[in-house]
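Note that these values count all heavy atoms, side chains included, but never hydrogens, waters or copies made by symmetry. Below, read A as the first sequence line, B as the second, and so on, with proteins coming before strands; counting in each chain starts at 1. Being a predicted model, the structure only gives us computed values, none of them experimental.
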There are 2 protein chains.
Amino acid sequence: MTLEEVARRAKVSTATVSRVLNNLDVVRESTRRKVLQAAAALNYHPNLNARTLAGGKSRSIGAIVSNLSNPFFVDVLRALDAAARERGYDVLIEHTDYRVTRLRAGVRSLIGKRAAGLALIVSEMDPAVIEEIRASGLPAVYYDVGAAGGKTTNIRVRYETGMQRAVQYLYSLGHRRMAFAGHHAALSPLEVRKKAFLAAMKRYGRQVQSRAALSHDSPAGGAQAVRELLGSGFRPTAIVCVNDYMAMGVLRELRARGVAVPGDVSVTGFDNIELAEFTNPALTTLDIPRAAIGRMALEALLQEEGSETAPREVLLDPELVVRDSTGPAR
Amino acid sequence: MTLEEVARRAKVSTATVSRVLNNLDVVRESTRRKVLQAAAALNYHPNLNARTLAGGKSRSIGAIVSNLSNPFFVDVLRALDAAARERGYDVLIEHTDYRVTRLRAGVRSLIGKRAAGLALIVSEMDPAVIEEIRASGLPAVYYDVGAAGGKTTNIRVRYETGMQRAVQYLYSLGHRRMAFAGHHAALSPLEVRKKAFLAAMKRYGRQVQSRAALSHDSPAGGAQAVRELLGSGFRPTAIVCVNDYMAMGVLRELRARGVAVPGDVSVTGFDNIELAEFTNPALTTLDIPRAAIGRMALEALLQEEGSETAPREVLLDPELVVRDSTGPAR
DNA sequence: GTCTTCATTGTAAGCGGTTGCAGGGCTGCT
DNA sequence: AGCAGCCCTGCAACCGCTTACAATGAAGAC
């Protein structure tokens with residue numbers, strides 16, 4: 001089915017059909033109905049590829065996340081999607097599984113599809129990719145990984161602040177041996193979180209001991225990290241996790257080993273995903289406003305388009321949410 | 001950047017550039033290099049819209065799921081994506097939040113983008129949508145909601161079998177008062193699962209009592225269902241959940257009310273998502289081969305394309321996975 | 001009744017690629 | 001030297017839709 005066939009059937013020109021389909025009000029009501037009827041009768045679906053080609057602009061924005069299985073990313077995505085939908089855009093979702101090659105491929109694909117803007121909510125990054133995006137001229141917003149110049153907005157979370165809050169809280173509960181359970185990601189924010197953790201530890205100097213174990217971003221990875229941690233002989237009284245998703249595995253593994261939480265070991269997460277409230281015990285964590293991030297990302301992208309003054313940099317402070325996975329050190 | 005600019009810079013025709021970019025081996029090596037160099041220098045990204053328009057065929061397949069927050073859907077999506085990627089396709093992800101209007105919109109969008117095929121992994125459905133897809137002529141695969149005719153493949157899970165296994169297992173543990181915690185979905189498979197549960201119950205006739213509570217698909221919804229269930233005075237010794245995702249909320253709410261699992265009440269889930277293993281207690285559930293579903297969906301779509309004989313109907317049997325959330329009735 | 005104006009609709013030139021067909025340059029053969 | 005034949009390229013039509021501009025006809029102005 002093409003525009004032309006519809007036009008033929010409605011006995012009008014393709015231009016008119018196009019006008020009707022795009023709600024240009026210049027069309028006479030009777031003509032409009034005729035066209036709509038013809039389109040319906042033919043089960044006509046406008047070719048969106050042709051549309052954006054001819055129109056020059058696209059109504060979709062591209063979003064790339066690292067891991068669709070980690071609810072954090074999905075939450076941001078959903079907010080982004082909802083906001084986009086409100087403005088008449090749809091979003092093309094791409095995911096990388098933390099691999100830079102896939103990041104690059106995703107970006108290329110999105111640019112190739114001529115997305116109206118790019119949202120990179122990823123932990124891995126590569127300068128070349130940033131440069132490629134900049135050169136493409138597309139408005140972009142980066143979460144955590146900073147990028148400068150061009151139509152770029154950065155949304156970042158002050159992990160140092162967050163980690164400090166967590167560590168300080170644990171310290172105040174008497175914890176002096178703390179471990180970090182994270183995962184390898186080419187760059188921030190995981191690296192950042194780990195560094196933030198170490199920095200927070202450093203403030204206490206010799207008073208506290210710490211140690212870090214890295215695995216992959218999943219509950220299984222969290223469990224693995226615990227095994228590594230405990231296997232090493234280091235006996236932490238608290239484990240700070242890079243995120244809630246991994247923390248779920250940390251909790252399970254501790255339980256499996258007969259370690260009571262928070263009796264023997266306290267555990268904290270990061271992100272405050274919905275599930276953090278449903279673990280047993282409920283997880284103490286640091287809240288990041290995921291919905292706001294998604295919304296802001298979209299705003300930023302469309303604003304750039306309108307060339308209004310967009311906030312080039314947004315900073316968010318994680319809030320400590322105390323639940324049941326933390327308690328006084330034994 | 002357009003093909004033409006690259007051509008100009010490389011001092012060749014657009015046809016040649018196109019050939020190079022598409023790896024048509026007829027091009028002389030030296031020319032090829034020249035073109036590639038020009039393209040790189042210009043940070044050229046082929047316009048995929050123009051490409052599919054001109055080429056007539058697209059390299060992306062569309063996938064629609066009901067709820068991105070429910071890991072079940074994400075798991076099949078990932079498998080689908082991986083399989084697609086292997087064949088040189090990418091997948092356009094659409095999600096509906098269980099709303100038929102969004103389903104319809106998603107399908108239209110996907111057809112408009114001229115996806116090479118459609119995978120509908122959704123719980124809600126509408127005959128009109130099925131008809132629209134059929135009329136579009138696109139190969140499609142449906143998970144659970146059956147559709148007939150056209151280039152259609154159905155993948156379905158024998159919920160009756162699964163539910164029977166769960167109920168029978170619970171029955172053998174002495175349970176006689178069982179409840180079902182599910183959620184409203186316009187159609188299958190939720191309705192199907194509920195019906196399957198009721199059917200399984202019916203086999204025991206008067207010997208067992210049952211009751212169902214419906215909320216929305218989330219841990220919070222599961223908690224809500226428990227509140228409704230217990231608030232009604234019905235005191236089940238076992239709660240069968242429509243899926244693991246909701247079961248997580250069921251577990252939490254029971255705990256919050258001081259109900260021991262499985263001491264006082266046994267709980268079963270459905271799907272066997274990764275997290276089922278990480279709940280406390282670990283969840284007894286019914287396994288559905290999500291990865292296989294994703295893979296099969298893709299195979300089916302591409303097979304249709306090649307017009308080979310594709311299995312029109314695939315049936316899967318859920319396996320009972322016993323963990324720690326079930327035990328003898330009190 | 002004639003001319004201007006406005007509301008509608010049509011014409012046709014792209015948008016950025018792909019691809020069938022034609023053509024130019026070389027090679028090898030007689 | 002002359003010619004067939006193969007490589008490699010270029011030409012140009014077309015994919016389906018948007019949109020600037022032209023054209024049509026009816027209504028209003030004088």
*Between A:Ile64 and A:Ile121, does a side chain to side chain contact (heavy atoms under 4.5 Å, CB included) hold up when you go through it step by step?*
CA-CA 6 Å; A:Ile64 310 187; A:Ile121 320 290; over 6 Å; no

_Derivation of the side chain to side chain contact (heavy atoms under 4.5 Å, CB included) call for A:Leu298 and A:Glu86_ = CA-CA 11 Å; A:Leu298 184 94; A:Glu86 267 174 30; over 6 Å; no

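Distance CG (A:Asn47) to C1' (D:dC14): 14 Å, rounded to an integer number of Å. Following rounding to the nearest Å, A:Leu53 (CG) and D:dG16 (P) show an atom-to-atom distance of 12 Å. In this structure, CG of B:Leu3 is placed 14 Å from C1' of D:dG10, rounded to the nearest angstrom. At whole-Å resolution of the value, CG in A:Leu24 and C1' in C:dT9 are 13 Å apart. At whole-Å resolution of the value, CZ in A:Arg32 and P in C:dA7 are 17 Å apart. If you measure from atom CD of B:Glu5 to atom C1' of C:dG16, you get 11 Å, rounded to the nearest angstrom. If you measure from atom CD of A:Glu29 to atom P of C:dT9, you get 11 Å, rounded to the nearest angstrom. In this structure, CG of B:Asn22 is placed 17 Å from C1' of D:dC8, rounded to the nearest angstrom.
Interface remark: the A:Arg114 side chain does not form any donor-acceptor pair with the C:dG16 base, using a distance-only criterion of under 3.5 Å.
Between B:His45 and B:Arg19, the residue whose closest nucleotide on DNA chain C is further toward the 5' end is B:His45. Comparing B:Val27 and B:Gly55 by the nucleotide of DNA chain D whose heavy atom lies nearest to each, the residue mapping closer to the 5' end is B:Val27.
Listed pair B:Arg28 / D:dC7 fails the phosphate criterion, with no side-chain N or O lying under 4.0 Å from OP1 or OP2. An OP1 or OP2 oxygen of C:dT19 is reached within less than 4.0 angstrom by a side-chain nitrogen or oxygen of B:Lys57. Contact annotation: B:Ser13 does not reach the phosphate of D:dC11 (side-chain N/O to OP1 or OP2, under 4.0 Å). One finds no side-chain N or O of B:Thr14 lying less than 4.0 angstrom from the OP1 or OP2 phosphate oxygen of D:dG10. OP1 or OP2 of D:dT18 sits under 4.0 Å from a side-chain N or O of A:Ser18.
No option in B:Thr152, B:Ile111, B:Leu301 other than B:Ile111 meets the side chain to side chain contact (heavy atoms under 4.5 Å, CB included) test with B:Leu118.
A:Tyr98 is listed as a side-chain neighbour of A:His183, based on a closest heavy-atom distance under 4.5 Å.
Atom CZ of residue B:Arg19 and atom OG1 of residue B:Thr14 lie 8.5 Å apart, to the nearest 0.5 angstrom.
Across all strands, A:Thr31 comes closer than 4.0 Å only to sugar-phosphate atoms, never to a base (heavy-atom distances). Contacts of A:Thr2 with the nucleic acid, taken as non-hydrogen atoms under 4.0 Å apart, involve only primed sugar atoms and P, OP1 or OP2.
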